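Indexing begins at 1, ligand by ligand and atom by atom, following the structure's order. The shown structure was predicted, so the numbers you read here are calculated from the model rather than taken from an experiment.
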Amino acid sequence: MYLVAHISVEICAAKSCKLCTQYCPEANTILYSEEMGKDEGFKYGSAYVAVDRCKGCAQCVWVCDNMAKNNAIKMIMIDQLSVAAVTDNITYGEKSTTATLVNPAAG
Ligand code: SF4
Ligand code: SF4
């Protein structure tokens, strides 16, 4: 087991600054969805992490805590995630990466 970044949709969707997406050193790892959180009534979308690409460096945590001042990202053990986003489709061209939500215990 290992640590991955986990973003609180509740906090992120209230801020939606997208700052962390510019600082993750791994390409196509912190993604952003306009739809995430809409079911729960949040006005904005949220950033989320494709955990299969996260290297656990915690740089995004530093950015969200110290630059954005939003404290929305925590490092947690991957087996503690109830739902995880994993890379579904990567196209290094005009199309953006997408990720699919899975239950890590089942996956
Ligand atoms: S820096 Fe924090 S609040 Fe801003 S998009 Fe990333 S997780 Fe959300
Ligand atoms: S822990 Fe590192 S690799 Fe993982 S999402 Fe954050 S910045 Fe990217």
Colleague: Side-chain heavy atoms nearer than 4.5 Å, only ILVMFWY residues, links allowed to pass through others: does that put Leu81 and Ile30 together?
Modeller: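 Same hydrophobic cluster.
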
Colleague: Near Ile7, which atoms of ligand 1 are under 4.0 Å from a heavy atom of that residue?
Modeller: 7 (S)

Colleague: Give the residue, atom name and distance (to 0.1 Å) of the protein heavy atom nearest atom 5 (S) of ligand 1.
Modeller: Lys18 N, 3.0 Å

Colleague: What is the nearest protein non-hydrogen atom to atom 3 (S) of ligand 1, stated with its residue, atom name and distance?
Modeller: Asn70 ND2, 3.2 Å

Colleague: Heavy atoms only, cut-off 4.0 Å: how does Ile73 contact ligand 1, side chain, backbone, both, or neither?
Modeller: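 It is the side chain that touches ligand 1; the backbone stays farther off.
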
Colleague: Could you check which of Ala58, Ala47, Cys64 puts a non-hydrogen atom nearest to atom 1 (S) of ligand 2?
Modeller: Ala58

Colleague: Which heavy-atom pair separates Cys17 from Ala68 by the least distance, and what is that distance?
Modeller: SG-CB, 3.8 Å

Colleague: Do Ile73 and Val51 sit in one hydrophobic cluster, given that two such residues count as connected whenever their side-chain heavy atoms are within less than 4.5 Å of each other, even indirectly?
Modeller: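 Hydrophobic grouping puts Ile73 with Val51.
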
Colleague: To the nearest 0.5 angstrom, please state how far the NZ atom of Lys69 sits from the NZ atom of Lys15.
Modeller: 12.5 Å

Colleague: Any idea which protein heavy atom is nearest atom 8 (Fe) of ligand 1, and the distance to it?
Modeller: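 For atom 8 (Fe) of ligand 1, the nearest protein heavy atom comes out as Cys12 SG, 2.3 Å.
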
Colleague: Below 2.8 Å, which protein N, O or S atoms neighbour atom 8 (Fe) of ligand 2, ignoring water?
Modeller: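 Checking every protein N, O and S atom gives Cys24 SG.
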
Colleague: Mind checking the CD1-SG spacing from Ile11 to Cys64? Nearest 0.5 Å is all I need.
Modeller: 7.5 Å

Colleague: List the steps, then state whether side-chain contact (heavy atoms from CB on, under 4.5 Å) holds for Val9 with Tyr48.
Modeller: CA-CA 8 Å; Val9 174; Tyr48 65 105; over 6 Å; no

Colleague: Look at atom 4 (Fe) of ligand 1 and say which protein heavy atom is nearest, naming residue and atom and giving the distance to 0.1 Å.
Modeller: Cys17 SG, 2.2 Å

Colleague: Could you walk me through whether Met77 and Leu3 pass the side-chain contact (heavy atoms from CB on, under 4.5 Å) test, one step at a time?
Modeller: CA-CA 4 Å; Met77 296 298 280; Leu3 291 166; 3.7 Å; yes

Colleague: Return yes if some donor-acceptor pair links the side-chain N/O of Arg53 with the main-chain N/O of Asn28 below 3.5 Å, else return no.
Modeller: yes

Colleague: Distance check, rounded to the nearest 0.5 Å: Leu31 atom CG versus Thr87 atom OG1?
Modeller: 7.0 Å

